[in-house]
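Take a look at the structure below.
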Amino acid sequence: MVLVRQEIGEVLRDVRLQKGRTLRQVASRASVALGYLSEVERGQKEASSEILASVAEALDTPISVIMREVGDRLAVIEGLSVVPDTLPDDLVAQFDADLAMR
């Protein structure tokens, strides 16, 4: 069984290492306990959306980029031969309409 929390943790770790940051630096900047962030990266703890947003901000990486990478990895694990790289037109239209109303 695929555990999403493990993929999220691996992506967070990969992004952190690509940015050349230590676990301590990211935890401090995200206001998250070092031990907790370590557990999230190892897939042992489920992070809330608020924690994920804080960590993404601490990594100077949009949460959408992190979640896209998680989705792509899950698609590979699930054996999908083609990972869609675009959004459905109706979803884009709805998003555009929501933005126009703001």
Side-chain angles (χ1 to χ4, degrees):
M1 173 179 18
V2 176
L3 293 178
V4 174
R5 72 173 184 251
Q6 288 177 331
E7 294 305 315
I8 290 172
E10 288 179 18
V11 169
L12 290 175
R13 182 184 309 114
D14 289 348
V15 171
R16 178 177 61 77
L17 293 174
Q18 288 171 3
K19 300 271 185 171
R21 303 220 178 111
T22 67
L23 194 60
R24 184 175 308 281
Q25 289 170 326
V26 174
S28 175
R29 198 163 166 213
S31 299
V32 175
L34 177 67
Y36 181 76
L37 183 55
S38 175
E39 289 177 316
V40 168
E41 280 194 0
R42 288 181 279 136
Q44 296 175 337
K45 293 282 184 180
E46 296 269 354
S48 69
S49 58
E50 291 86 357
I51 296 290
L52 290 175
S54 292
V55 172
E57 186 174 326
L59 291 168
D60 298 318
T61 303
I63 189 77
S64 59
V65 170
I66 290 170
M67 298 311 289
R68 175 63 186 249
E69 179 64 22
V70 170
D72 289 350
R73 290 180 184 206
L74 290 172
V76 170
I77 291 168
E78 292 172 339
L80 294 180
S81 58
V82 176
V83 178
D85 61 354
T86 59
L87 295 172
D89 291 336
D90 58 333
L91 183 59
V92 171
Q94 179 184 353
F95 184 73
D96 288 342
D98 288 345
L99 284 176
M101 296 178 110
R102 291 184 183 183

(request) Using the side-chain contact (heavy atoms from CB on, under 4.5 Å) rule, take Leu52 and Leu12 through it: C-alpha gap first, then chi angles, then the decisive distance, then the call. (result) CA-CA 9 Å; Leu52 290 175; Leu12 290 175; 3.9 Å; yes

(request) For Glu69 and Val15, run side-chain contact (heavy atoms from CB on, under 4.5 Å): C-alpha distance rounded to whole Å, both residues' side-chain angles, the deciding distance at 0.1 Å, then the answer. (result) CA-CA 10 Å; Glu69 179 64 22; Val15 171; over 6 Å; no

(request) For side-chain contact (heavy atoms from CB on, under 4.5 Å), just list the numbers for Val55 and Glu41, CA-CA rounded to whole Å, side-chain angles, deciding distance to a tenth of an Å, and then say yes or no. (result) CA-CA 11 Å; Val55 172; Glu41 280 194 0; over 6 Å; no

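Criterion: ILVMFWY side-chain heavy atoms under 4.5 Å apart, direct or through other members. Under it, Ile51 and Val65 are not part of a common hydrophobic cluster. In this structure, Leu59 is a member of the same hydrophobic cluster as Leu34, with clusters built from ILVMFWY side-chain heavy atoms closer than 4.5 Å. Linking ILVMFWY side-chain heavy atoms closer than 4.5 Å, directly or via other members, places Leu17 and Leu23 in two distinct hydrophobic clusters.
Residues Arg42 and Arg13 are in side-chain contact: their nearest non-hydrogen atoms beyond the backbone lie under 4.5 Å apart. Residues Ile77 and Gln6 form no side-chain contact, since every pair of their non-hydrogen atoms from C-beta on lies 4.5 Å or further apart. No side-chain heavy atom of Val26 sits less than 4.5 Å from a side-chain heavy atom of Lys19.
Heavy-atom neighbours of Glu57 CD from other residues, nucleotides or ligands within 6.0 Å: at or below the threshold of 12. Heavy-atom neighbours of Arg24 CZ from other residues, nucleotides or ligands within 6.0 Å: at or below the threshold of 12.
Between Lys45 atom NZ and Leu37 atom CG the span is 13.0 Å, to the nearest 0.5 Å. Rounding to the nearest 0.5 Å places CZ of Arg16 at 12.5 Å from OG1 of Thr61.
At least one donor-acceptor pair closer than 3.5 Å links the side chain of Ser54 to the backbone N or O of Glu50.
Under the rule for a side-chain contact (heavy atoms from CB on, under 4.5 Å), the partners of Ala56 that lie at least two apart in sequence or sit in another chain are Ile63, Ile66. Applying the side-chain contact (heavy atoms from CB on, under 4.5 Å) test to Gln25 and every residue at least two apart in sequence or in another chain returns Arg21, Thr22.
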